[in-house]
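Presented below is the structure to which this report refers.
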Amino acid sequence: MAANPSLNDSAPPRPGPPRPGPPLWLLLELTYRCPLHCAFCYNPTDFAGTGAELATEDWLRVLREARALGAVQLGLSGGEPLTRDDLEPIVEEAHRLGFYINLITSGVGLSEARLGALKQAGLDHIQLSFQDSSKQMNDFLSSTRTFELKSKVAALIKQYDYPMVLNVVLHRLNIDHVEEILEMALRFGADYVELANTQYYGWAWHNREQLLPSRDQVERAERTMQRFRERVGKQMQIFFVVPDYFESRPKPCMKGLGSIFLTISPDGTALPCHAARMLPGLDFPNVRSASIEEIWYRTESFNHFRGDAWMKEPCRSCPEKTRDFGGCRCQAYLMTGDAANADPVCDLSPHHHLVTAAVARADRPDAAAQLDAGEKPLVFRSERNSSTLFPKRDGI
Amino acid sequence: MSDMAIEANSRPGIERGYRLQWEPAQNAHVLLYPEGMIKLNGSAGEIMKRCDGATTIADITADLERAFATTNLSADVLRFVHMALEKKWLQIRP
Ligand code: SF4
Ligand code: SF4
């Protein structure tokens, strides 16, 4: 190392990535514990092997440090955040600091007493997730009997004068029920409904063959949604998130990693996106040993995908790179094995055929029958499946 | 709601579930709402912060004209309120 120090000294400083603005959006994944077992769960499949959850004090410090940097939108999710019995003091501190606080919940554990306490503490908004409109489908997909409970929670949310925001994750097994789902939302008095097509990482990636709808299903669902929208007007706003596998350009995922989103996972690992833990070669920092300021502005793992120096062709010389940032790094990594590749959703990507092949399999007329035959069973998210099927790799 | 005629004596307020606040880090008024945030430009921020659900559009306009020592803001304020109602940033409770 000391052999030729002058070489380093005389080299011009490597042009770093542009200094980003503050982490405006903070997502705290308070826990990986969850009473549900969704087959499309976005948590990492090996969650059972992650370290101990942060203590209340740590979460409060994270809130203070992030707010001081300018964070203002706060998401509290999980797992099921209601499994933390310190949710109320966390909300209280966040409110005192001036965050706009969103609770992202399955509703399991939201009693009237807790909702009252959360309201009192300053919770701004609740997003309730539903698996489907029909009781059977809801229970099957989340692998528990929770539909009735959620209906009650929906009523409670109204009673406490929150805007009613329903989120339904769509996939092959429920996308044909869009009409019923929207009818249900209307019955609950929902103000907003987000029909979000599954994003394929975590458990959903593992179950992709079973969950990816056919193009025909997607188009029908979109038409149904349009008709419904015209019928109900502004009374209920409907958002339809098109599944990116059916597009020719990727989404501007997270507006580029490290630009505005900061996620803290249950064990304190800081991530530029809740799925980013899977990206290899990046040593993500932990809030137990580093401040948010240091993490956001001065760690290699957060700087890595800022700017465009990391890009490969075709993104590097593509005029659209400032719009979509090359798409989703996690999707690029999962499908192509290299996180620096273009998101294969892009039809300019040399790997785009991987996406079209998956869609073609979903489009086969006999696809449903094949899946029914149970060639590859749907794997539900659970502690047990996580530790037996996806043991933690050494050193991670 | 947006179908409702907006008049000089309408009293716009921030839509339920939305919050307006000054963010020093962004040097701007920011409108916070489920799943999003909008950074308002100077004049939008000045109008919005006066929309408290109790003050009429006429009074908001007069106050702005006083504060910025100008006149004839009426059309601009109406246009903005109309747009903000469309976007559901503001509401007029009957
Ligand atoms: S997706 Fe389902 S299983 Fe996963 S955290 Fe959410 S509610 Fe729990
Ligand atoms: S080549 Fe890259 S930058 Fe260009 S449109 Fe495709 S993903 Fe976006």
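Computed from a predicted model, the values in this text were never measured in an experiment. What's counted below: heavy atoms across the whole structure, side chains too, no hydrogens, waters or symmetry copies.
You'll find the side chain of A/F99 reaches within 4.5 Å of the side chain of A/L26, heavy atoms only.
With sequence neighbours excluded, no residue satisfies salt bridge (charged side-chain N to carboxylate O under 4.0 Å, His left out) with A/E194. Every residue two or more places apart in sequence or in another chain that forms a side-chain hydrogen bond (donor to acceptor under 3.5 Å, both in side chains) with A/E293 is listed here: A/R298. By the ring pair (Phe, Tyr, Trp, His ring centres under 6.0 Å) test, A/H125 is found to be paired with no residue, residues two or more places apart in sequence or in another chain being considered.
The aromatic rings of B/W89 and B/F80 lie tilted to each other, with the angle between the two planes from 30° to 60°. The aromatic rings of A/W25 and A/F261 sit tilted, their planes meeting at an angle between 30° and 60°.
Among residues 61-69 of chain B, no residue has any heavy atom closer than 4.5 Å to a heavy atom of chain A.
Interface remark: A/Y162 contributes backbone atoms only to the contact with chain B (heavy atom separation under 4.5 Å). Of the two parts of A/I104, neither the backbone nor the side chain holds a non-hydrogen atom closer than 4.5 Å to a non-hydrogen atom of chain B. Interface residue A/D161: backbone and side-chain heavy atoms are both found under 4.5 Å from chain B.
Most heavy-atom pairs under 4.5 Å with chain B: of the set A/V72, A/L69, A/I126, this distinction falls to A/V72.
Taking all atoms of both residues into account, the shortest heavy-atom contact from B/L85 to B/L90 is CD2-O, 3.3 Å.
A donor-acceptor contact closer than 3.5 angstrom links the side chains of A/N102 and A/Q73.
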